Amino acid sequence: MNYENSLDYARKLDKEDSLAYLRNEFHIPKDKKDNDWLYFTGNSLGLQPKQTQEYIQQELDDWAKYGVEGHFEAQNPWMPYHEFLTDKMAKIVGAKPIEVVVMNTLTTNLHLLMVSFYQPTKKKYKIVIESDAFPSDRYAVQSQLKFHGVDPEEGLIEWKPREGEELLNIDDLEQIVEENGDEIALLLIGGVNYYTGQYLDLKRIAEIGHAKDCVVGIDLAHGAGNINPDLHESGVDFAAWCTYKYLNSGPGSLSGLFVHEKHAHNKDLPRFAGWWNHNKETRFNMRQPFDVMPGAEGWQLSNPPILSMAAIRSSLDLFDKVGMDALREKSEKLTGYFEYLINEINTDRIKIITPSEPKERGCQLSIQVKNADKSLHKKLTENNIITDWREPDVIRCAPVPMYNSFEDVYKMVALLKTLL
Ligand SMILES: *Cc1c(COP(=O)(O)O)cnc(C)c1O
C-alpha cells in the first residue's frame, strides 16, 4: 500500500471503508468534553455493541414474564440457548459446529480440557508453553503438573525467542519436540501471543506435536474475532478463547471451546461430568446412568448463564453480518496504516516488536519505547488515548476493524510523536 501521512488521507480511507458504518453500532467512550476516546484496547476488553442492551433486556423481560417457564416459553428458549451461539462461533474460528461450544470462562475451560487431554505417564509427562505465555495459562499448566505429581520446574518446557530477539521461531519448537518428544505429553501454545501480537502457524504446530504423539492445544484468546484461524483444518486437538476481548461480549464473559472432530465420539476420554454434558434426550429423567454427549457439548457441566450468553449472541450476530473475511481485509489495511505512521515518526527510540508480515499478526502492534516508563502511558491516557502498558517498556495497541477508524490511528500516532 502507498499510504500518506496526513489527516486528510486518513479521512479519505475512512470514506472509502465499506465497514466504517460499524463504528456507529458501538458505544465509544467519551471524555468530559464529549470527545471520543481513541480506544486501542479491544484486545483487553472490546467495546459494547449498542444492540446488546436489547438482547439482554429480552431475557430479563422473559424472565419477568415467565419465570422458570422461560426455559421453554421465552422468545429464545433458555433450554437450548447455547445452541443459538454455536454455528456463528464455529464460523469465526473456522470450525465445524460439532467442534464448538460456549461455556464457562477461559482458564476454567483450559483446566477441563487438560483433564481430558493431559494424560501424563511416567515417561511422557512434560508440557511445552511459550516463555511469554499469558500468566493465567502458565499458572494453569503448573498446577496441572503439580496435580499429577510432577515437579513444575522439571515438567515445564519453555519455548523461548532466540537471544536478542522478541519473536518465537517455529523451527525452535520443532527442535524442542524432536529432542524431547518422547517425554512431552502436551503443547499448549497461545495462537496469537498476548504480548508481541505474533500469530503462529497453527497447522505447523499441530504437525510438529503430532509427529511425536503429543497432544496440541491452542489458547486463542487473542485470536478469536481477530484473525481467521481455520481451527478444523489446522488439526489441533483442542482450543479455548474468551469472548470479552475481540468478541465484544462484556467483562468476564464466557469462553469458547473447540475439540477437534476426531475426538467427538470418543466416549473413553477421561472427563468431568455434570448434567449438561449428559444426553439431552434423557437429561431430565434424572435417574439415568451418565451418557456423554458427542462433540464439544460433551465438555459442558452446568446450565449456562443466559444473560451473559445474550451479550455473546448480540456480538456474534454482528460478526455474522459482516463476516471475518471482510473484517480481516480491513484489519490488515488499518494495522498496515498504523505501522506505516509509526515508522514515519523516524526515531530509534521506538521499535515495533510485532511481525511486519500481515500473515504473522492480527490487528495488535506492540511498540517498544526506549527509556520510557509508565508516565508515557499516563500521558497518552490523559490525552484520551487508551492503550495498554506492559512492563518494562511496551505499549500494546489494537486498532479493531469493527469500530476503530483510520482517523483514530492517525490521531494516535500524531500525539505519540508529540509526546516523544
Ligand atoms: C485474557 C486471557 C486469559 C484470561 O483468562 P480468564 O480465565 O478469562 O480470566 C487467559 N489466557 C490468555 C492467553 C488470555 O489472553
Side-chain angles (χ1 to χ4, degrees), residues 40-47 85 89 92-93 100-115 117-118 127-144 156 158-159 161 167-168 186-200 202 205 216-227 229 231 236 238-258 272 299-302 304-305 307-309 311-312 315 353-354 361-366 386-391 394-398 400:
F40 286 94
T41 42
N43 55 346
S44 188
L45 182 68
L47 291 179
L85 314 181
M89 186 63 96
I92 287 175
V93 294
V100 168
V101 71
V102 176
M103 63 180 213
N104 305 321
T105 43
L106 172 54
T107 309
T108 307
N109 283 343
L110 290 176
H111 278 296
L112 291 176
L113 287 161
M114 283 191 273
V115 165
F117 292 105
Y118 174 56
I127 303 180
V128 181
I129 61 171
E130 323 106 275
S131 58
D132 242 327
F134 194 86
S136 196
D137 300 36
R138 172 181 294 269
Y139 304 148
V141 162
Q142 285 170 333
S143 67
Q144 283 283 333
L156 196 64
E158 292 188 16
W159 172 21
L167 300 174
L168 294 164
L186 171 68
L187 316 183
L188 184 63
I189 307 290
V192 175
N193 184 274
Y194 83 99
Y195 179 65
T196 62
Q198 181 178 17
Y199 172 25
L200 295 162
L202 304 187
I205 294 176
V216 177
I218 298 294
D219 186 321
L220 213 55
H222 283 263
N226 178 22
I227 43 104
L231 277 182
V236 301
F238 69 83
W241 55 93
C242 49
T243 60
Y244 48 81
K245 290 171 180 160
Y246 295 106
L247 292 176
N248 309 323
S249 300
S253 192
L254 303 174
S255 157
L257 171 139
F258 165 93
F272 290 159
W299 272 265
Q300 300 173 103
L301 298 177
S302 298
L307 298 182
S308 183
M309 282 200 164
I312 301 177
S315 171
I353 60 179
T354 308
R361 69 183 184 200
C363 67
Q364 173 185 326
L365 293 184
S366 303
I386 311 304
T387 59
D388 173 273
W389 178 260
R390 289 285 140 164
E391 294 295 342
V394 168
I395 313 172
R396 299 186 311 159
C397 304
V400 171

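As the structure is a computational prediction, the values presented were derived from the model and not from experiment. Numbering of ligands and ligand atoms starts at 1, following listing order.
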message = Would the distance check show the side chain of R396 and the main-chain N or O of Y194 forming a donor-acceptor pair, the cut-off being under 3.5 Å?
response = yes

request  = Could you tell me the residue and atom name of the protein heavy atom closest to atom 7 (O) of ligand 1, and the distance to it rounded to 0.1 Å?
outcome  = T107 OG1, 2.6 Å

task = Please say which of L167, L365, V192 ends up in a side-chain contact (heavy atoms from CB on, under 4.5 Å) with T354.
result = L365

ask   = Going by the order shown, which atoms of ligand 1 are within less than 4.0 Å of some heavy atom of H222?
value = 15 (O)

task = Please determine which of L257, V93, L106, V236 meets the side-chain contact (heavy atoms from CB on, under 4.5 Å) test together with L220.
result = V93

remark   = Closest to atom 3 (C) of ligand 1 among protein heavy atoms sits F134 CE2, 3.4 Å

remark   = Of all protein heavy atoms, the one nearest atom 11 (N) of ligand 1 is D137 OD1, 2.6 Å

message = With heavy-atom distances below 4.5 Å as the criterion, would you say the side chains of I127 and Y118 are in contact?
response = yes

key: Under 4.0 Å to a heavy atom of Y244 - the qualifying atoms of ligand 1, by number   = 1 (C), 4 (C), 5 (O), 6 (P), 8 (O), 9 (O)

query = What distance separates L112 CG from M114 CE, expressed to the nearest 0.5 Å?
reply = 9.5 Å

ask   = Using heavy atoms and a threshold below 4.0 Å, how should the contact between L106 and ligand 1 be classified: side chain, backbone, both, or neither?
value = both

message = Determine whether a donor-acceptor pair (N or O, by modelled atom type, separation under 3.5 Å) exists between the side chain of S366 and the backbone of Y195.
response = yes

ask   = What protein heavy atom sits nearest atom 1 (C) of ligand 1, and how far away is it?
value = K245 NZ, 1.4 Å

